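Quick caveat: nothing in here was measured; it's all calculated off a predicted structure.
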Amino acid sequence: MKNSRLQDWPEPIVRVQSLSETCQSEIPTRYIKPPRDRPATLTSPIAGNDVNIPVIDLAGLFGDDYDLHASTLHKISMACREWGFFQVVNHGVSPELMDSGRELWRRFFHLPMEEKQIYANSPATYEGYGSRLGVEKGAILDWSDYYFLHYLPFSLKNLNKWPALPTNCREVIDEYGKQVLELCGRLMKVLSINLGLGEKHLQDAFGGDNVGACLRVNFYPKCPRPDLALGLSSHSDPGGMTLLLPDDQVAGLQVRHGNDWTTVKPVSHAFIVNIGDQIQVLSNAIYKSVEHRVIVNSAQERVSLAFFYNPKSDKLIEPVSDLVTEETPSLYQPMTFDEYRIYIRTMGPRGKSQVESLKSPR
């Protein structure tokens with residue numbers, strides 16, 4: 001647990017945005033990935049094959065059409081089982097709020113450095129303006145900066161750590177969080193029903209009303225060597241469920257599907273939803289968190305907002321008893337989300353190795 005008390009990073013922090021503005025044709029060695037982890041050579045900001053993750057219209061959940069409601073549930077179930085990722089439209093979050101939230105954060109990252117440095121973060125909480133994930137000394141770094149902040153529990157919600165600029169930023173961030181939280185609650189009911197559980201079962205396993213929620217805004221500057229770097233290394237999300245508001249002008253998120261990397265093609269005003277490690281554990285791997293990564297390009301910067309919906313930090317997470325049978329025995333040892341999160345923060349993004357390490361010995 002001592003890693004939760006780390007007060008500083010193991011090495012001086014370098015802002016990737018500053019590197020992007022000074023590097024002309026090469027990037028520092030610290031950002032060059034091993035050959036096995038490098039993306040294929042990119043010829044355009046929209047890269048990859050013609051496959052896209054499922055796009056699901058949630059309007060069917062809110063009407064009186066039984067068949068449409070059942071069809072929507074089925075589509076979400078299949079997406080969770082086959083992809084671990086899907087996009088949702090007609091989800092109830094204001095499109096204008098989505099646009100203004102994303103653009104306010106883009107403006108934040110273009111503020112003078114001294115304005116941003118006021119909010120520089122530390123590994124003690126990660127809250128604030130950051131440029132690295134994980135505290136391993138000498139690690140190969142990702143080509144991105146970010147801003148991390150808490151929504152829930154309310155005891156962690158410190159508005160003084162939220163940026164005061166641009167104007168109205170705090171108000172927009174707060175309203176955005178409220179609307180996305182409502183959407184998370186609706187999706188949790190759907191996931192629970194699709195597992196054959198009561199609609200509140202997963203929510204109760206997360207801690208009922210005492211869940212955690214936080215936001216990480218990702219800024220991916222232009223990179224002169226996108227063939228050598230990644231904006232975010234391959235990983236599965238350690239929390240419960242993630243709702244990502246992507247940059248709908250330029251793709252960057254890649255999802256592992258089988259042996260291939262699929263570049264997600266963002267749909268306007270859609271959220272990208274993905275299963276996190278905690279729901280994989282609770283569902284006893286009926287739903288699986290999936291490796292994903294972010295590619296960068298030399299032509300355009302990108303901004304995305306990742307909203308993480310997580311269990312209460314001290315809640316013990318293990319497979320739901322109703323999903324454990326002689327034919328499908330429990331796959332995972334119990335662990336609190338806080339214990340798991342500290343492990344992740346120590347090591348940084350490492351594919352699926354972390355959640356796999358929780359598997360019960362046979």
Engineer: So which heavy atom on Thr72 is nearest to which on Ile56, and how close?
Structural biologist: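 So the minimum-distance heavy-atom pair works out to CG2-CG2, 4.1 Å.
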
Engineer: Are Val88 and Ile76 packed together at the side-chain level, in the sense that at least one heavy-atom pair is separated by less than 4.5 angstrom?
Structural biologist: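 Of all side-chain heavy-atom pairs linking Ile76 with Val88, none is under 4.5 Å.
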
Engineer: How many angstroms lie between CZ in Arg81 and OH in Tyr287, if you round to the nearest 0.5 Å?
Structural biologist: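 Spacing of CZ (Arg81) from OH (Tyr287) equals 5.5 Å.
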
Engineer: Let me see the working for Asp37 and Arg293 under side-chain contact (heavy atoms from CB on, under 4.5 Å), right down to the final yes or no.
Structural biologist: CA-CA 10 Å; Asp37 296 332; Arg293 66 184 187 183; 5.7 Å; no

Engineer: Has the side chain of Glu115 got a donor or acceptor atom that lies under 3.5 Å from a matching backbone atom of Pro112?
Structural biologist: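 No; zero donor-acceptor contacts below 3.5 Å.
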
Engineer: For the pair His292 (side chain) and Val290 (backbone), establish whether a donor and an acceptor sit closer than 3.5 Å, ignoring hydrogens and angles.
Structural biologist: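 Checked: pair present.
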
Engineer: Using only atom types and a distance under 3.5 Å, with no angle test, would you say the side chain of Lys288 pairs donor to acceptor with the backbone of Ala285?
Structural biologist: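 Yes, Lys288 side chain to Ala285 backbone: donor-acceptor pair under 3.5 Å.
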
Engineer: If you count every heavy atom of other residues, nucleotides or ligands that lies below 6.0 Å from His74 atom NE2, does the total exceed 12?
Structural biologist: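 Result for NE2/His74: open.
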
Engineer: May I ask whether Val190 and Leu282 are part of the same hydrophobic cluster, defined by side-chain heavy atoms of I, L, V, M, F, W, Y residues being less than 4.5 angstrom apart, directly or through others?
Structural biologist: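 Yes, it is one cluster - the side chains of Val190 and Leu282 are joined through contacts under 4.5 Å.
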
Engineer: Classify the ring geometry of Trp105 against Phe108: parallel below 30°, tilted from 30° to 60°, perpendicular beyond 60°.
Structural biologist: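 Judged by the thresholds at 30° and 60°, the geometry between Trp105 and Phe108 is perpendicular.
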
Engineer: Is a salt bridge present between Lys75 and Asp57, judged by a nitrogen-to-oxygen distance below 4.0 Å?
Structural biologist: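 Result for this pair is no, no salt bridge flagged.
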
Engineer: Under a 3.5 Å distance rule, please check whether Asn194 uses its side chain to pair with a backbone N or O of Leu73 as donor and acceptor.
Structural biologist: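 Checking the backbone N and O of Leu73 against the side chain of Asn194, a donor-acceptor pair under 3.5 Å is found.
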
Engineer: Going from CD on Gln278 to CE on Met241, what distance comes out if it is rounded to the nearest 0.5 angstrom?
Structural biologist: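 If we round to the nearest 0.5 Å, Gln278:CD and Met241:CE are 13.0 Å apart.
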
Engineer: Report yes or no: do Thr263 and Gln254 form a side-chain donor-acceptor pair below 3.5 Å?
Structural biologist: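 Result is yes, a qualifying pair exists.
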
Engineer: For Ala229 and Ile27, work out which heavy atoms get closest and say how close.
Structural biologist: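 Scanning both residues, the minimum pair turns out to be CB-CD1, 3.9 Å.
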
Engineer: For Asn274, does its backbone N or O pair with a side-chain atom of Thr242 as donor and acceptor, under 3.5 Å?
Structural biologist: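 Not a single qualifying donor-acceptor pair exists.
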
Engineer: Does the gap between the ring centers of Tyr151 and Phe307 come in under 6.0 Å?
Structural biologist: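 They qualify: ring centres under 6.0 Å apart.
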
Engineer: Report yes or no: do Ser304 and Asn218 form a side-chain donor-acceptor pair below 3.5 Å?
Structural biologist: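 Yes.
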
Engineer: Shortest non-hydrogen contact from Val135 to Pro10?
Structural biologist: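 Closest approach of Val135 to Pro10, heavy atoms only: O-CG, 3.3 Å.
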
Engineer: Rounded at 0.5 Å granularity, tell me how far CG in Leu228 sits from OG1 in Thr29.
Structural biologist: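 Separation between the atoms: 10.0 Å.
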
Engineer: With the side chain counted from C-beta on, respond yes when Val264 and Asn52 share a heavy-atom pair under 4.5 Å apart, and no when they do not.
Structural biologist: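 Yes, their side chains come closer than 4.5 Å.
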
Engineer: Please say which of Trp9, Tyr147, Phe308 ends up in a ring pair (Phe, Tyr, Trp, His ring centres under 6.0 Å) with Tyr126.
Structural biologist: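 Between Tyr126 and the candidates, ring pair (Phe, Tyr, Trp, His ring centres under 6.0 Å) is satisfied uniquely by Trp9.
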
Engineer: If Ile, Leu, Val, Met, Phe, Trp and Tyr residues are connected whenever their side-chain heavy atoms lie under 4.5 Å apart, and connections chain through other members, are Tyr340 and Leu316 in the same group?
Structural biologist: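 No.
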
Engineer: Compare all side-chain heavy atoms of Phe337 with those of Lys315 and state whether any distance is below 4.5 angstrom.
Structural biologist: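 Side-chain contact under 4.5 Å: no.
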
Engineer: Which heavy atom in Tyr31 sits nearest to a heavy atom in Asp142, and how many Å separate them?
Structural biologist: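 Minimum heavy-atom separation between Tyr31 and Asp142: CE2-O, 3.5 Å.
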
Engineer: Which pairs of donor and acceptor atoms, one on a side chain in residues 153-169, lie under 3.5 Å apart (sequence neighbours left out)?
Structural biologist:
| residue | atom | partner | partner atom | Å |
| --- | --- | --- | --- | --- |
| Lys157 | NZ | Asp174 | OD1 | 2.6 |
| Asn158 | OD1 | Asn160 | N | 3.0 |

Engineer: Are the side chain of Glu291 and the backbone of Ser234 linked by a donor-acceptor contact shorter than 3.5 Å?
Structural biologist: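 No: the side chain of Glu291 does not pair with the backbone of Ser234.
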
Engineer: Between Pro246 and Ala270, what is the shortest heavy-atom contact and its length?
Structural biologist: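 Closest pair (atom of Pro246, atom of Ala270, distance): CD-O, 3.7 Å.
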
Engineer: Just how far is it from atom CG of Leu19 to atom SG of Cys23, taken to the nearest 0.5 Å?
Structural biologist: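 It is 5.0 Å, given to the nearest 0.5 Å.
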
Engineer: Check for me whether Arg15 meets the cation-pi criterion with Tyr129, that is, NZ or CZ under 6.0 Å from the six-membered ring centre and within 45 degrees of the ring axis.
Structural biologist: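 Yes - Arg15 lies over the ring of Tyr129, closer than 6.0 Å to its centre and within 45° of its axis.
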
Engineer: Would Val303 and Glu103 count as a side-chain contact (heavy atoms from CB on, under 4.5 Å) here? Give the steps.
Structural biologist: CA-CA 8 Å; Val303 175; Glu103 290 314 305; over 6 Å; no

Engineer: With a 4.5 Å limit on heavy-atom distance, are the side chains of Lys137 and Glu11 in contact?
Structural biologist: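 Touching, per the 4.5 Å side-chain cut-off.
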
Engineer: According to a hydrophobic-cluster definition based on side-chain heavy atoms being under 4.5 Å apart (Ile, Leu, Val, Met, Phe, Trp, Tyr only), do Ile272 and Val267 belong together?
Structural biologist: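 No, Ile272 and Val267 fall in different hydrophobic clusters.
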
Engineer: In the structure I gave you, are the side-chain heavy atoms of Pro266 and Leu253 within less than 4.5 Å of one another anywhere?
Structural biologist: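 No - every pair of side-chain heavy atoms lies 4.5 Å or more apart.
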
Engineer: In terms of hydrophobic clustering (I, L, V, M, F, W, Y; side-chain heavy atoms under 4.5 Å; direct or indirect links), are Val89 and Leu61 co-clustered?
Structural biologist: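 No, Val89 and Leu61 fall in different hydrophobic clusters.
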
Engineer: Run the numbers on Glu175 and Glu171 for side-chain contact (heavy atoms from CB on, under 4.5 Å), then give the verdict.
Structural biologist: CA-CA 6 Å; Glu175 180 60 27; Glu171 292 82 358; over 6 Å; no

Engineer: Are any non-hydrogen side-chain atoms of Arg341 and Pro238 less than 4.5 angstrom apart?
Structural biologist: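 Of all side-chain heavy-atom pairs linking Pro238 with Arg341, none is under 4.5 Å.
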
Engineer: Decide whether Asp145 and Ser131 meet the rule of one side-chain donor and one side-chain acceptor closer than 3.5 Å.
Structural biologist: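 Ser131 and Asp145 do have a side-chain donor-acceptor pair below 3.5 Å.
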
Engineer: What closest approach, in Å, do Glu301 and Val250 show between heavy atoms, and which atom pair accounts for it?
Structural biologist: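 Residues Glu301 and Val250, closest heavy atoms: O-CG1, 3.8 Å.
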
Engineer: Are any non-hydrogen side-chain atoms of Leu187 and Leu243 less than 4.5 angstrom apart?
Structural biologist: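 Yes. Closest side-chain heavy atoms under 4.5 Å.
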
Engineer: Got a donor-acceptor contact below 3.5 angstrom from the Asn90 side chain to the Leu58 backbone?
Structural biologist: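 Side chain of Asn90 to backbone of Leu58, a donor-acceptor pair under 3.5 Å: no, none is there.
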
Engineer: How many angstroms lie between atom CZ of Phe148 and atom CG of Leu215, to the nearest 0.5 angstrom?
Structural biologist: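 Nearest 0.5 Å value for the CZ-CG distance: 8.5 Å.
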
Engineer: Are Tyr309 and Leu181 close enough that some pair of their side-chain heavy atoms sits under 4.5 Å apart?
Structural biologist: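 Touching, per the 4.5 Å side-chain cut-off.
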
Engineer: Might you work through the side-chain contact (heavy atoms from CB on, under 4.5 Å) test for Leu104 and Ile173, ending with a clear yes or no?
Structural biologist: CA-CA 9 Å; Leu104 277 171; Ile173 295 169; over 6 Å; no

Engineer: Should Leu202 and Val324 be regarded as members of a common hydrophobic cluster, given that ILVMFWY residues are connected when their side-chain heavy atoms come within less than 4.5 Å of each other, either directly or indirectly?
Structural biologist: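 Different clusters: Leu202 never reaches Val324 through Ile, Leu, Val, Met, Phe, Trp or Tyr contacts under 4.5 Å.
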
Engineer: Quick one: does Glu318's side chain have a donor or acceptor within less than 3.5 Å of a partner on Gln333's backbone?
Structural biologist: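 Such a contact is absent between Glu318 side chain and Gln333 backbone.
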
Engineer: Is the side chain of Trp143 donor-acceptor paired with the backbone N or O of Tyr220 at a distance under 3.5 Å, no angle test?
Structural biologist: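 No, Trp143 side chain to Tyr220 backbone: no donor-acceptor pair under 3.5 Å.
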
Engineer: Just distance, no hydrogens or angles: give the donor-acceptor pairs under 3.5 Å from side chains in residues 94-101, sequence neighbours left out.
Structural biologist:
| residue | atom | partner | partner atom | Å |
| --- | --- | --- | --- | --- |
| Ser94 | OG | Glu96 | N | 3.3 |
| Ser94 | OG | Glu96 | OE1 | 3.1 |
| Ser94 | OG | Leu97 | N | 3.1 |
| Asp99 | OD1 | Arg102 | NH2 | 3.0 |
| Asp99 | OD1 | His269 | NE2 | 3.0 |
| Asp99 | OD2 | His269 | NE2 | 2.9 |
| Ser100 | OG | Glu96 | O | 3.1 |
| Ser100 | OG | Leu97 | O | 3.2 |

Engineer: Taking atom types as modelled, is there a side-chain donor on Asp237 or His235 under 3.5 Å from an acceptor on the other?
Structural biologist: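 Result is yes, a qualifying pair exists.
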
Engineer: Nearest 0.5 angstrom please: Ile32 CD1 to Arg225 CZ, how far?
Structural biologist: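 Ile32 atom CD1 to Arg225 atom CZ measures 7.5 Å (nearest 0.5 Å).
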
Engineer: Within the side chain of Arg30, is there an N or O that forms a donor-acceptor pair under 3.5 Å with the backbone of Ala139?
Structural biologist: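 Answer holds: yes.
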
Engineer: Are more than 12 heavy atoms from other residues, nucleotides or ligands located less than 6.0 Å from atom CG of Asp209?
Structural biologist: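 Count not over threshold, so no.
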
